[in-house]
Amino acid sequence: MADSAQAQKLVYLVTGGCGFLGEHVVRMLLQREPRLGELRVFDLHLGPWLEELKTGSRWGSLWRGGCGRFPIPSQAGIPTPAVEQMILVSVHMDGIRPVRVTAIQGDVTQAHEVAAAVAGAHVVIHTAGLVDVFGRASPKIIHEVNVQGTRNVIEACVQTGTRFLVYTSSMEVVGPNTKGDPFYRGNEDTPYEAVHRHPYPCSKALAEWLVLEANGRKVCGGLPLVTCALRPTGIYGEGHQIMRDFYRQGLRLGGRLFRAIPASVEHGRVYVGNVAWMHVLAARELERRAALMGGQVYFCYDGSPYKSYEDFNMEFLGPCGLRLVGTRPLVPYWLLVFLAALNVLLQWLLRPLLLYAPLLNPYTLAVANTTFTVSTDKAQRHFGYEPLFSWEDSRTRTILWVQATGGSAQ
Ligand SMILES: NC(=O)C1=CN([C@@H]2O[C@H](COP(=O)(O)OP(=O)(O)OC[C@H]3O[C@@H](n4cnc5c(N)ncnc54)[C@H](O)[C@@H]3O)[C@@H](O)[C@H]2O)C=CC1
Ligand SMILES: C[C@@H](CO)CCC[C@@H](C)[C@H]1CC[C@H]2[C@@H]3[C@H](O)CC4=CC(=O)CC[C@]4(C)[C@H]3CC[C@]12C
């Protein structure tokens with residue numbers, strides 16, 4: 001990648017680009033990546049928001065320009081998945097410039113679809129994943145999407161000569177572990193016994209390992225692949241479905257939520273805009289700092305306060321009119337453990353009839369009830385990451401989003 005913005009226009013691919021985080025990564029690239037020439041947005045479900053980009057009708061106006069539907073040429077005989085291209089004019093920080101946005105409806109578990117999307121890309125940001133800790137999907141599907149999907153992305157980079165890969169990992173790769181050991185303001189080198197049984201953290205750990213292992217592999221053309229993994233803590237912000245679920249539940253309960261977790265348990269949270277910014281920075285710096293960043297992991301964090309999961313949510317839900325009842329948990333912990341186990345049983349019994357997947361199960365209870373917070377400057381030292389959004393900004397943006405969409409079906 002060359003240094004000057006004029007020298008080379010880069011092709012970026014964002015897998016999972018229509019998800020909660022992926023959408024923010026896409027928008028951040030369009031706003032803040034001066035060398036962006038083409039942006040490929042790859043997702044299983046393209047959804048309506050890419051269409052809305054053209055009119056700028058969601059989260060402020062970013063866009064002007066036209067759109068057309070036409071197939072991208074099949075590369076090296078590889079059949080292409082369903083593709084829509086838009087030539088858009090992005091209103092970038094440093095001025096107005098054309099960017100080709102290519103929406104690709106595809107499945108990361110299908111190696112040929114991934115290869116077609118990756119071919120010709122300079123950088124891949126791989127955020128696609130199956131985020132399921134509620135028992136909605138089978139362990140097999142979670143493994144296929146998160147592990148085999150990541151393997152397909154790596155192999156596609158190697159086959160097609162793409163050299164830079166940023167992977168969205170998760171704090172869950174480290175913990176909380178099955179023993180519930182606290183991880184208090186830890187960093188990437190803090191010793192911690194990472195032991196998992198749940199399919200989601202197991203799959204993320206394995207996928208992260210694949211990505212880091214692949215660093216240095218020779219890609220087509222003979223140059224080495226450079227990879228790194230970012231490990232966000234619990235992400236919040238515009239588009240966060242669980243936050244909206246809590247809001248709606250609070251409205252149903254007459255404007256109240258009931259404390260279940262002790263206020264002393266700290267749960268790490270990070271604003272989605274800062275997670276997106278960290279991805280953009282890491283992707284930008286991977287070539288220049290390949291020796292330093294290649295094969296590295298970075299916790300993804302910002303200035304969001306250390307609080308319990310519920311107290312943190314109240315930072316947004318409070319200004320939206322909800323109240324958290326109780327200074328201490330209103331039900332004893334053993335009862336929560338019992339209810340969580342009951343939910344597992346009900347899920348199993350009801351499976352032939354319907355999908356029962358409540359928020360409370362033994363895994364989510366353990367995660368919410370175990371201190372896990374990070375404090376590190378590794379990303380700052382390695383590639384100059386500083387949060388783009390202050391805590392006040394992050395909070396305000398999230399509150400406005402909950403107020404705007406919390407009661408609607410959007
Ligand atoms: N939400 C959170 O708190 C955290 C999320 N992460 C990671 O961040 C990434 C993004 O997560 P979210 O945005 O929260 O989830 P999300 O579910 O909103 O986004 C994931 C996207 O991947 C797409 N996808 C799923 N299966 C696919 C497949 N087979 N082929 C192509 N695309 C597929 C989905 O359609 C979706 O748009 C995931 O890798 C997740 O593990 C990491 C830490 C915390
Ligand atoms: C016991 C309930 C009482 O109100 C609260 C249950 C809350 C849970 C649904 C969430 C608590 C912690 C969340 C997880 C955490 O933020 C880390 C995560 C990282 C990821 O990579 C994916 C999402 C998640 C597992 C996140 C999921 C929801 C919680 C378990």
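Whatever order the structure lists ligands and atoms in, that order sets their numbers, starting from 1. If you read the sequence from its start, that first residue is 1, and numbering goes on from there. Just so it is clear, the values below take in all heavy atoms, side chains as well, and ignore hydrogens, waters and symmetry mates.
Nearest protein neighbour of atom 15 (C) of ligand 2, counting heavy atoms only, is His267 NE2, 3.2 Å. Nearest protein heavy-atom neighbour of atom 10 (C) of ligand 2: Tyr309 CZ, 3.6 Å. Protein heavy atom closest to atom 1 (C) of ligand 2, with residue, atom name and distance, is Leu360 CD1, 3.7 Å. Ranking the protein heavy atoms by distance from atom 8 (C) of ligand 2 puts Thr364 CB, 4.1 Å first. Looking only at protein heavy atoms, the nearest one to atom 27 (C) of ligand 2 is Val133 CG2, 3.9 Å.
Between Phe164 and His122, the gap from one ring centroid to the other reaches at least 6.0 Å. The aromatic ring centroids of Tyr236 and Tyr309 lie 6.0 Å or more from each other.
Contact between Tyr298 and Gln296 at its shortest, heavy atoms only, is OH-CB, 3.4 Å. Here the closest non-hydrogen pair linking Asp107 and Glu113 is N-OE1, 2.7 Å.
Of the residues Lys204, Glu208, His126, the one that meets the side-chain hydrogen bond (donor to acceptor under 3.5 Å, both in side chains) test with Ser169 is Glu208. The one candidate from Thr373, Asp302, Asn313 that meets the side-chain hydrogen bond (donor to acceptor under 3.5 Å, both in side chains) condition with Arg269 is Asn313.
Note that NE2 of His267 is 9.5 Å distant from CZ of Phe372, once rounded to the nearest 0.5 Å. Rounded to the nearest 0.5 angstrom, Cys320 SG and Met314 CE are separated by 9.0 Å.
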List below, pair by pair, the N or O atoms of ligand 1 and of the protein that are less than 3.5 Å apart, including the distance to 0.1 Å; reply 'none' if no pair qualifies.
from: ligand 1; atom 1: 3 (O); to: Ile235; atom 2: N; distance (Å): 3.0
from: ligand 1; atom 1: 13 (O); to: Phe20; atom 2: N; distance (Å): 3.4
from: ligand 1; atom 1: 13 (O); to: Leu21; atom 2: N; distance (Å): 2.8
from: ligand 1; atom 1: 18 (O); to: Phe20; atom 2: N; distance (Å): 2.9
from: ligand 1; atom 1: 22 (O); to: Gly129; atom 2: N; distance (Å): 3.4
from: ligand 1; atom 1: 29 (N); to: Asp107; atom 2: OD1; distance (Å): 2.8
from: ligand 1; atom 1: 30 (N); to: Val108; atom 2: N; distance (Å): 2.9
from: ligand 1; atom 1: 32 (N); to: Leu44; atom 2: N; distance (Å): 3.3
from: ligand 1; atom 1: 35 (O); to: Asp43; atom 2: OD1; distance (Å): 2.6
from: ligand 1; atom 1: 37 (O); to: Gly19; atom 2: N; distance (Å): 3.1
from: ligand 1; atom 1: 37 (O); to: Asp43; atom 2: OD1; distance (Å): 3.2
from: ligand 1; atom 1: 37 (O); to: Asp43; atom 2: OD2; distance (Å): 2.7
from: ligand 1; atom 1: 39 (O); to: Thr127; atom 2: O; distance (Å): 3.0
from: ligand 1; atom 1: 39 (O); to: Lys204; atom 2: NZ; distance (Å): 2.8
from: ligand 1; atom 1: 41 (O); to: Tyr200; atom 2: OH; distance (Å): 2.6
from: ligand 1; atom 1: 41 (O); to: Lys204; atom 2: NZ; distance (Å): 2.8

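Classification of the Tyr385-Phe383 ring pair by plane angle, with boundaries at 30° and 60°, yields tilted.
At a threshold of 4.5 Å between non-hydrogen side-chain atoms, the residues Tyr356 and Asn343 count as touching.
Put simply, atom 30 (C) of ligand 2 has protein non-hydrogen atoms near it, under 4.0 Å away. Protein heavy atoms come within 4.0 Å of atom 12 (C) of ligand 2. Of the protein's heavy atoms, at least one falls inside 4.0 Å of atom 20 (C) of ligand 2.
Inclusion of Glu172 in the set of residues having an N or O under 3.5 Å from an N or O of ligand 2 is not warranted.
Which parts of ligand 2 touch Ser170 is read off a 4.0 Å heavy-atom cut-off, strictly below it: atoms 19 (C), 20 (C), 21 (O). If you number the atoms of ligand 2 from 1 as listed, the ones under 4.0 Å from a heavy atom of Tyr200 come out as 20 (C), 21 (O), 22 (C). Each of the atoms 16 (O) of ligand 2 lies under 4.0 Å from some heavy atom of Gly234.
Figure legend: Arg185 and Tyr306 shown as a cation-pi pair, the cationic atom lying under 6.0 angstrom from the six-membered ring centre and within 45 degrees of its axis.
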